[in-house]
Amino acid sequence: MSNKKIFILLPDGVGLRNFAFTDFYHKGKAKGMDLVFWNNTPFDLAKIGYEEIRFKQNRSSLLLEVLKNARKEIELNCNIRKFKDNVYDSYRFPFSYATLKSSLKSYITRLIIQLFDSEKGLEIIRRLIKKAERSSNFYSESYELLQVQKPALVFCTNQRISLAIAPLLAAQDLKIPTATFIFSWDNLPKGTMLVETDYYFVWSLHMKEELLYYYPYIKENQILVTGTPQFENHYQLNNIIDKELFFSQNGLDFQKKYICYSGDDVTTSPYDSDYLLDLIKAVRILNKKGNQLGVIFRRCPVDFSDRFNSVLEENKDIVTAIIPKWDKIGEGWSTILPTKEDSILQMNIVAHTELVVNLGSSMVFDYVSHKKPCAFMNYSPERKDSNWSVEKIYKYVHFRSMPTDAVVWLNSPDEIASKIEMMLSNEAQKVVANAQEWFEKINQHPAEDASQRIWESISKICKKETC
């Protein structure tokens with residue numbers, strides 16, 4: 001393998017957490033790789049000593065956005081017909097008519113859906129996306145850059161970002177191998193596969209089967225099972241700080257045991273503040289029985305709403321908010337960036353709490369990494385909107401992978417106290433064992449070796465492609 005230059009394409013901030021703030025970079029360097037981050041995030045990777053090349057493009061064309069949205073809708077329609085399952089309707093977002101531009105975009109998208117709503121039409125849309133991007137200035141710029149740089153591989157950290165299409169097409173047209181990483185456990189059923197590459201890196205055999213199931217044009221030999229670097233930090237125990245120091249830094253009571261409430265984004269869980277309040281009430285009941293419990297609230301890092309303010313203010317004796325250490329550089333999701341410090345903070349919250357409560361979050365896997373249980377809220381609050389229900393959340397396809405009793409189900413506010421009490425006892429070990437079984441199905445184990453497996457797979461690709 002003579003050429004060891006690997007381009008890590010970062011179309012958005014999601015890839016920072018997995019590939020810039022883990023051991024991925026250092027393990028690549030240890031293998032003698034020459035890493036260059038092709039960076040579209042506002043984060044300056046040069047500050048931490050990484051070589052980077054900045055994007056010259058930061059916005060997709062209107063045509064690409066329309067085609068992208070149409071592709072997703074057609075794909076969901078095809079899945080409903082093909083698999084006879086209406087669950088795919090739940091992955092849609094409503095069309096926007098708030099402005100003249102958004103209205104025009106929505107009308108054109110709906111027209112394209114009507115014209116191409118079939119498997120054959122979906123193939124046409126895929127070709128149109130590639131044709132449109134190959135005619136863009138960004139494609140030409142990417143082509144020229146790659147001609148000069150001549151990397152052995154372009155590895156994209158996120159399969160669903162439209163800005164990644166042109167660079168990947170340019171690489172393919174130059175006969176440079178390309179790969180993408182499926183970054184989240186719930187992505188494949190949603191119709192969010194936007195880039196098409198030579199190789200696909202997935203979390204598990206389960207995700208590999210999903211990829212083949214939803215995208216039959218992808219062949220088995222294109223898929224590499226590596227796991228995700230997302231959970232590696234939980235196995236770096238040297239980053240756990242002393243409990244007394246952690247409690248002191250965050251204004252916690254050393255005499256209490258803490259439960260973590262992990263928040264969701266506003267779309268997924270619009271009534272998260274109600275759930276948090278119900279948990280606080282349950283903790284008050286348990287404390288009256290002689291327990292000394294508190295709640296740590298970790299909000300979703302991209303949720304900057306004020307919906308928790310009154311609950312937090314009125315219950316300071318029970319709940320303490322620990323703010324995620326993400327950087328808010330702009331207003332859009334792509335400008336709210338994770339940090340390495342937040343990975344360490346999250347790990348310490350897990351290490352110094354007894355259990356986690358949330359609405360269907362992958363935090364179940366963060367906690368089982370520390371052999372601790374998770375409870376899922378499983379009821380709709382009284383004030384809920386008719387357009388939202390908890391039943392819709394747990395019907396999502398990714399929950400079908402769950403073994404029986406991998407979490408504790410909180411089916412009403414009245415049973416939270418008793419079930420939390422159970423989770424604080426040895427009875428929770430069966431739940432933890434089932435959650436571990438789920439984790440091993442969802443993510444290749446040992447979980448702490450994901451970066452190493454990714455680099456081994458990259459090396460194999462480069463040898464195969466005679467890089």
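A quick note: this is a predicted structure, and the numbers were derived from the prediction, not measured.
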Looking just at side-chain N and O atoms, do [X] and [Y] make a donor-acceptor pair shorter than 3.5 Å?
X    : Y    : value
Q172 : T178 : yes
D265 : T268 : yes
D173 : Y139 : yes
S204 : N443 : no
Y91  : T192 : no
S451 : E232 : yes

Does any N or O in the side chain of [X] come within less than 3.5 Å of the main-chain N or O of [Y], such that one atom is a donor and the other an acceptor?
X    : Y    : value
R299 : S305 : yes
K208 : V202 : no
S380 : S389 : no
Q222 : K219 : yes
K372 : A351 : yes
N3   : K150 : yes
Q159 : V195 : no
N40  : P11  : yes
K27  : F24  : no

Side chain to side chain contact (heavy atoms under 4.5 Å, CB included) between L111 and Q114: does it pass, once the steps are laid out? CA-CA 5 Å; L111 176 61; Q114 284 185 321; 4.2 Å; yes
[Y] and [X], any side-chain heavy atoms less than 4.5 Å apart:
X    : Y    : result
D23  : Q236 : yes
Y396 : K392 : yes
M33  : S459 : yes
Y199 : K464 : yes
P151 : V36  : no
K371 : Q436 : yes
V397 : E210 : yes
D303 : F308 : yes

Between [atom1] of [X] and [atom2] of [Y], what distance do you get to the nearest 0.5 Å?
X    : Y    : atom1 : atom2 : answer
N77  : L122 : CG    : CG    : 10.0 Å
E437 : T404 : CD    : OG1   : 8.5 Å
L146 : L174 : CG    : CG    : 6.0 Å
Y25  : L45  : OH    : CG    : 9.5 Å
C156 : I182 : SG    : CD1   : 9.5 Å
W455 : I6   : CH2   : CD1   : 5.5 Å

Return yes when atom [atom1] of [X] has more than 12 non-hydrogen atoms of other residues, nucleotides or ligands closer than 6.0 Å, and no otherwise.
X    : atom1 : result
K82  : NZ    : yes
K395 : NZ    : no
I323 : CD1   : no
F93  : CZ    : no
D44  : CG    : yes

With Y275 as reference, evaluate V357, V390, D264 under the side chain to side chain contact (heavy atoms under 4.5 Å, CB included) test and give the passing residue. V390
Of all the heavy-atom pairs spanning [X] and [Y], show the shortest one and how long it is.
X    : Y    : answer
I349 : Y367 : O-OH, 3.8 Å
N358 : V356 : ND2-CG2, 3.8 Å
P177 : I461 : CB-CG2, 4.3 Å
G13  : L337 : CA-CD2, 3.8 Å
M363 : S262 : CG-OG, 3.3 Å
T157 : L10  : OG1-CD2, 3.6 Å

Classify the ring geometry between F399 and F376 as parallel (under 30°), tilted (30 to 60°) or perpendicular (over 60°). perpendicular
Indicate the ring-plane relationship of F365 and F231, choosing parallel, tilted or perpendicular according to the 30° and 60° boundaries. perpendicular
Given side chain to side chain contact (heavy atoms under 4.5 Å, CB included), test E73 with R92 step by step and report yes or no. CA-CA 7 Å; E73 294 292 326; R92 303 182 196 276; 2.6 Å; yes
I need the full list of ring pair (Phe, Tyr, Trp, His ring centres under 6.0 Å) pairs touching residues 152-180, with sequence neighbours left out, sorted by first then second residue. F19-F155, F155-F201
Taking side-chain hydrogen bond (donor to acceptor under 3.5 Å, both in side chains) as the test, write out the residues that go with Y88, two or more places apart. Y214
Using a strict cut-off of less than 4.0 Å between a Lys/Arg side-chain nitrogen and an Asp/Glu carboxylate oxygen, indicate whether [X] and [Y] qualify as a salt bridge.
X    : Y    : value
R126 : E123 : no
R71  : E75  : yes
R400 : D85  : yes
E456 : K31  : no

Going through the checks in order, is the side chain to side chain contact (heavy atoms under 4.5 Å, CB included) test met by F181 and L224? CA-CA 10 Å; F181 181 74; L224 298 142; over 6 Å; no
Is the centre of the F21 ring less than 6.0 Å from the centre of the F43 ring? yes
Residues which pass ring pair (Phe, Tyr, Trp, His ring centres under 6.0 Å) with Y213, listed by chain and number, not counting sequence neighbours: F83
Going through the checks in order, is the side chain to side chain contact (heavy atoms under 4.5 Å, CB included) test met by H352 and I296? CA-CA 10 Å; H352 295 304; I296 288 174; over 6 Å; no
